[in-house]
Amino acid sequence: MRNISDQEAIESVKKGNQADYSILVERYKNKAFSLLRRMLRNKFDAEEVLQDCFLKAYNSLNSFKGESKFSTWFYRIVYNTALTKLSSKKRKIETEMSSIDEHLNLESVYNSNNFEKEDLSVMINKLIDQLPEKHSAILNMFYMNEMTCEEVSEAMNISISNVKVLLYRSRNTLKDLIIKHNLTEELI
Amino acid sequence: MMNITDELLNKYLDGELNNQETAEVNSALSTSEEFRKRYNALRLVHDRLSKMEVEQVSSGFTSKLMGRLPYRVKVPRSQMYFIASISFVIVVICLGIIAYLTSIVAASIPEQSSSTGALNNLDNFIAVFISAMEKLFRGKNLSIIGSVFSFGILISGYFFFEYQKKAKANLSR
């Protein structure tokens, strides 16, 4: 893969070098797939939606003016496409600041899986999978894609303060569960 | 002493507190076992989340996607300049011919004011125009104009072929 910046790759594609789009695809496909897999909870759907996202981004490349990072712009497409997919499947999409009963959901997951102590990392991953779509999307963008709260707010089209509220809630939910089951020492 | 909420702990973890608040949290951390437990659990969550593994798409994803991309028709800027300059030269030549013919016709028709005169003027105009065309496209002049157009077509053809080759190379890269 050629070592060029996102902006250079985009300019090259705009000039007609279609093959250079594969640089962007290779760069973002796995991280975007992780985000979609967590939101849609299904590998097959995630891969199908990811194809659509890259096609949408390619067709809209002329409208990308470089005012934000390509990654932020692209994750906005990914997030919105995932929401559309979820709504088309008539899944529940929570409103931005609705209260959630995370403890109940996560508690049931924790108990039902009988995690071994050596699989605690796996347990954390499974718990994240049980968070509502918006929460898992924020955790993915913030931690896996190393986006700032400002970039996450731009990608999800919500305010920065709401990003922080959702981020804190997600962390606190996991934290409370760890405390409740005395996992701190085991995990450390 | 301030109330140490979960929100404050999160802000402490992200380094978003001011100096005074940070000092208060540090003090609470050193004195309260319960508070330390909460903070350690939160830091643990933060560390684990930072180490989340990226999942992999199936192999062949990129090639499958690239095969679905629509062909992007984009005329390179240099090609646009070339087409514009060739068009400009052709338009200038055509305008020159028209101006030349008009000047000959205008100089050859005498002025008449009556309605029969206007009819005569039209006859004269056609006759003079035809003779001027004959004069322009006869013998040596025809060779010169033909050579200029042929040269233009040859040059255009050469560059057009070169651009096609470049575009094909870009596509197969």
Side-chain angles (χ1 to χ4, degrees), chain A residues 12-22 25-26 29-38 43 46-47 50-51 54-55 58-59 61-62 120-121 123-125 128 139-140 142-146 149 164-165 167-180 182-185 187-188, chain B residues 5-16 33-80 163-164 166-173:
Chain A
S12 177
V13 174
K14 282 182 178 176
K15 282 178 188 163
N17 302 322
Q18 193 180 45
D20 281 349
Y21 192 62
S22 65
V25 175
E26 286 294 328
K29 65 177 183 183
N30 290 327
K31 285 182 177 175
F33 175 70
S34 302
L35 170 62
L36 286 167
R37 219 279 303 140
R38 285 204 195 277
K43 282 192 175 188
E47 200 159 313
L50 186 59
Q51 288 254 351
F54 276 118
L55 282 171
Y58 180 82
N59 290 327
L61 219 50
N62 283 333
L120 289 171
S121 290
M123 181 200 80
I124 292 266
N125 264 329
I128 295 166
L139 289 180
N140 254 274
F142 188 80
Y143 284 103
M144 200 175 281
N145 299 295
E146 292 165 355
C149 286
K164 286 183 180 173
V165 167
L167 179 66
Y168 295 168
R169 275 190 195 176
S170 307
R171 281 178 186 164
N172 290 337
T173 304
L174 295 169
K175 176 206 73 167
D176 291 344
L177 197 68
I178 283 173
I179 290 173
K180 189 170 181 183
N182 283 321
L183 295 172
T184 319
E185 288 77 18
L187 280 163
I188 290 169
Chain B
T5 59
D6 279 346
E7 187 186 351
L8 203 70
L9 269 183
N10 273 282
K11 285 185 175 174
Y12 178 76
L13 191 69
D14 292 340
E16 290 183 359
E33 178 66 28
E34 187 270 332
F35 179 59
R36 212 166 28 242
K37 193 176 170 186
R38 274 167 61 202
Y39 176 69
N40 282 340
L42 190 65
R43 207 190 56 201
L44 193 65
V45 168
H46 177 72
D47 291 345
R48 293 284 154 161
L49 289 172
S50 305
K51 290 174 191 158
M52 272 198 297
E53 281 183 17
V54 177
E55 296 178 48
Q56 307 286 314
V57 288
S58 63
S59 59
F61 174 87
T62 306
S63 56
K64 203 161 83 179
L65 173 74
M66 294 305 286
R68 285 181 65 193
L69 292 184
Y71 178 62
R72 183 177 282 269
V73 181
K74 175 83 181 176
V75 180
R77 191 167 285 183
S78 55
Q79 191 171 349
M80 280 165 59
Y163 284 127
Q164 291 299 311
K166 264 189 206 172
K168 209 172 173 183
N170 279 339
L171 271 179
S172 58
R173 198 148 55 121

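Every heavy atom of this structure was used, including side-chain atoms; hydrogens, water molecules and symmetry mates were not. None of these values were measured; they are calculated from a predicted model. Numbers restart at 1 for each chain; the letters A, B, ... are given by sequence-line order, proteins then strands.
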Chemist: Heavy atoms only: give me the nearest R171(A)-N10(B) pair and the separation to one decimal.
Modeler: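 Shortest heavy-atom separation between R171(A) and N10(B) comes out as NH1-OD1, 2.8 Å.
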Chemist: Quick one: which of E146(A), E47(A), K164(A) has the most heavy-atom pairs under 4.5 Å with chain B, could you say?
Modeler: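 Maximum pair count with chain B is reached by E47(A).
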Chemist: Need one label for D14(B): side chain, backbone, both or neither, based on atoms under 4.5 Å from any heavy atom in chain A.
Modeler: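 For D14(B), the contact with chain A is made by the side chain alone.
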Chemist: With a 4.5 angstrom heavy-atom cut-off, is it the side chain or the backbone of K11(B) that approaches chain A, or both, or neither?
Modeler: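 Both parts, backbone and side chain.
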Chemist: Mind checking side-chain contact (heavy atoms from CB on, under 4.5 Å) for E53(B) and listing every partner two or more places apart, or none if nothing turns up?
Modeler: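 side-chain contact (heavy atoms from CB on, under 4.5 Å) list for E53(B), sorted by chain: empty.
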Chemist: For S63(B), which atoms come within 4.5 Å of any heavy atom of chain A: side chain, backbone, both, or neither?
Modeler: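 Neither; nothing under 4.5 Å.
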Chemist: Working to the nearest 0.5 Å, report the span between NZ of K175(A) and NZ of K37(B).
Modeler: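 Taking NZ in K175(A) and NZ in K37(B), the distance rounds to 11.5 Å.
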Chemist: Just how far is it from atom CG of L49(B) to atom CD1 of I128(A), taken to the nearest 0.5 Å?
Modeler: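 Result: 4.5 Å between the selected atoms.
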Chemist: To the nearest 0.5 Å, tell me how far L139(A) CG sits from M52(B) CE.
Modeler: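 Going from the CG atom of L139(A) to the CE atom of M52(B) covers 6.0 Å.
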Chemist: For the NE2 atom of H46(B) and the CG atom of L167(A), what is their distance to the nearest 0.5 Å?
Modeler: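 It is 9.5 Å, given to the nearest 0.5 Å.
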Chemist: Identify the heavy atoms of V57(B) and N30(A) that sit nearest to each other, and give their distance.
Modeler: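 Closest approach of V57(B) to N30(A): N-OD1, 3.0 Å.
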Chemist: If we define contacts as heavy-atom pairs under 4.5 Å, which of Y21(A), F142(A), Y143(A) has the most with chain B?
Modeler: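 Option with the top pair count is Y143(A).
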Chemist: Start with the C-alpha gap between Y58(A) and L65(B), add the side-chain angles, then the distance that decides, and say whether side-chain contact (heavy atoms from CB on, under 4.5 Å) holds.
Modeler: CA-CA 11 Å; Y58(A) 180 82; L65(B) 173 74; over 6 Å; no
Chemist: What are the two closest heavy atoms between Q18(A) and M66(B), and how far apart are they?
Modeler: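 Q18(A) and M66(B) have their closest heavy atoms at O-CE, 3.4 Å.
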Chemist: Is it true that a side-chain atom of S34(A) and a backbone atom of V54(B) form a donor plus acceptor pair closer than 3.5 Å?
Modeler: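 It does not hold such a pair.
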Chemist: To check you understand the geometry: which heavy-atom pair defines the closest contact between Q56(B) and F33(A), and what is its length?
Modeler: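 For Q56(B) versus F33(A), the nearest heavy atoms are O-CE2, 3.4 Å.
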Chemist: Side chain, backbone, both or neither: which part of L35(A) has a heavy atom under 4.5 Å from chain B?
Modeler: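 Interface part for L35(A): neither.
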